[in-house]
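See structure below.
Counting starts at 1 for both ligands and their atoms, in listed order. Values reported hereafter were calculated over all heavy atoms of this structure, with side chains retained and with hydrogens, waters and symmetry mates removed.
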Amino acid sequence: MNDQAYMKLAIQMASATIGQTKPNPAVGAVVVKDGAIVGMGAHLKAGEPHAEVHALNMAGDKAYGATIYVTLEPCSHYGKTPPCAELIIQKGIKRAVVASLDSNPLVSGRGMEMMKKAGIEVEVGVLEREAKALNPFFLHFMREKRPFVTLKAAMSLDGKIATKTGESKWITGEQARLDGHRLRHSHDGILVGANTVIADNPLLTTRIMGHARHPIRIVLDTTLKVSPEAKIFQDDSAETWIITGNVGEEKKAPFAKEHVSIFSLEQPQNIEHILELLAAKGVQSLLVEGGATVHGAFLQSRLFDEVVSYVAPILIGGKDAPSAFGGAGFSRMAETQHLEIIETSVLGEDLKIVSRKKGK
Ligand SMILES: Nc1c(/N=C/[C@H](O)[C@H](O)[C@H](O)COP(=O)(O)O)[nH]c(=O)[nH]c1=O
């Protein structure tokens, strides 16, 4: 087996732990000595040993003079566990092959530096793209210090998300809706506007799939006009946050529940401030389910990274039927937001289109 084959194995192990290592990235490591695998491991849970520790423990004294393959640059800072770069040095590893550098500018390259200084032969970039695809949200969050934002919309062929009377159940079929729940599972937070809560009274939990993680439910409601009777406040199977303006304590009182938190912002419609607040609360990825007004605000701010569109082969029509992106919109073609389609798939009778801003 060559470097790529061992790195592929490390990537495969890491891919099996995606979601369970939060807020840490999924990482895999393999230790090879004289052409034989003598240690392998993946980071399993935040606060527990990193992938390199598991692999090196399994290798024991065979680690001396061996090669280690890791999907992410070994950590160089004292977190909950001692730095892996130091452990790699102590164990006498001869060569370190790393797929991708840490994207946190504060530590990027430091682990490599430490190992190089200790005389270890280091190499970066083997299967880098595949390794980065393991943790798009974590890498983005470390680099941009704000959540990775996915805008999700389910629409008709003519781009409508509801009829002119507000009906929307259902536009897309079961498979597309199941896929939408997988998006909920993989994101830390799900955000909707007050109008969606009032119109749909959604639960916003991850259902219709196996072991599911519920994202934190976040409602943008500048004047706190939603009802405390809404499902997301009555149902305590997931946390619910309201981001609002400066509203009086008496308005907040009816929402006082264990799983409900209310955050007031000076500018509750400022997407940048909203994302700063969520980043400070450790939200690394945010799924925005709309509706049109909220999607319009994110479009105007251009602070989003991916758009997931589920398109159903139905025509709704009507100039008063809402399209997926409301708000002011752009007046000139030169201002429009360009994306690139990175994935399409057919789900039942519907089409799923995943687009990203260029260079994401
Ligand atoms: N109307 C459609 C969608 N509408 C999704 C809405 O944002 C809202 O989440 C729904 O009311 C579902 O809420 P709950 O969490 O399941 O209770 N999403 C879809 O994928 N297809 C559609 O046809």
At less than 3.5 Å, what protein N or O atoms come close to the N or O atoms of ligand 1? Include the distances to 0.1 Å.
{"unit_1": "ligand 1", "atom_1": "1 (N)", "unit_2": "Ser168", "atom_2": "O", "d": "2.9"}
{"unit_1": "ligand 1", "atom_1": "7 (O)", "unit_2": "Glu289", "atom_2": "OE1", "d": "2.8"}
{"unit_1": "ligand 1", "atom_1": "9 (O)", "unit_2": "Arg184", "atom_2": "NH2", "d": "2.9"}
{"unit_1": "ligand 1", "atom_1": "9 (O)", "unit_2": "Glu289", "atom_2": "OE1", "d": "3.0"}
{"unit_1": "ligand 1", "atom_1": "11 (O)", "unit_2": "Lys169", "atom_2": "NZ", "d": "3.2"}
{"unit_1": "ligand 1", "atom_1": "11 (O)", "unit_2": "Asp200", "atom_2": "OD2", "d": "3.1"}
{"unit_1": "ligand 1", "atom_1": "15 (O)", "unit_2": "Arg184", "atom_2": "NH1", "d": "2.8"}
{"unit_1": "ligand 1", "atom_1": "15 (O)", "unit_2": "Arg184", "atom_2": "NH2", "d": "3.2"}
{"unit_1": "ligand 1", "atom_1": "15 (O)", "unit_2": "Leu203", "atom_2": "N", "d": "3.4"}
{"unit_1": "ligand 1", "atom_1": "15 (O)", "unit_2": "Leu204", "atom_2": "N", "d": "2.8"}
{"unit_1": "ligand 1", "atom_1": "16 (O)", "unit_2": "Arg207", "atom_2": "NH2", "d": "2.7"}
{"unit_1": "ligand 1", "atom_1": "17 (O)", "unit_2": "Leu203", "atom_2": "N", "d": "2.8"}
{"unit_1": "ligand 1", "atom_1": "18 (N)", "unit_2": "Lys152", "atom_2": "NZ", "d": "2.9"}
{"unit_1": "ligand 1", "atom_1": "20 (O)", "unit_2": "Lys152", "atom_2": "NZ", "d": "3.1"}
{"unit_1": "ligand 1", "atom_1": "21 (N)", "unit_2": "Thr172", "atom_2": "OG1", "d": "2.7"}
{"unit_1": "ligand 1", "atom_1": "23 (O)", "unit_2": "Ile171", "atom_2": "N", "d": "2.7"}
{"unit_1": "ligand 1", "atom_1": "23 (O)", "unit_2": "Thr172", "atom_2": "N", "d": "3.0"}

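Geometric assessment of Arg177 against the ring of Trp170 yields a positive cation-pi assignment under the 6.0 Å and 45° thresholds. Under a cutoff of 6.0 Å and an axis angle of 45°, Lys357 and Phe304 form a cation-pi pair.
Between Phe148 and Phe141, the ring center distance fails the sub-6.0 Å criterion.
In terms of heavy-atom proximity, Ile11 sits nearest to Glu130 at CD1-CB, 3.8 Å.
Checked against Leu277 for a side chain to side chain contact (heavy atoms under 4.5 Å, CB included), the options Asn270, Ile243, Val283 give a single hit: Ile243.
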Inset, instruction - Could you check Thr17 against Lys45 for side-chain hydrogen bond (donor to acceptor under 3.5 Å, both in side chains), going step by step and ending with a plain yes or no? - result: CA-CA 9 Å; Thr17 67; Lys45 192 170 184 301; over 6 Å; no
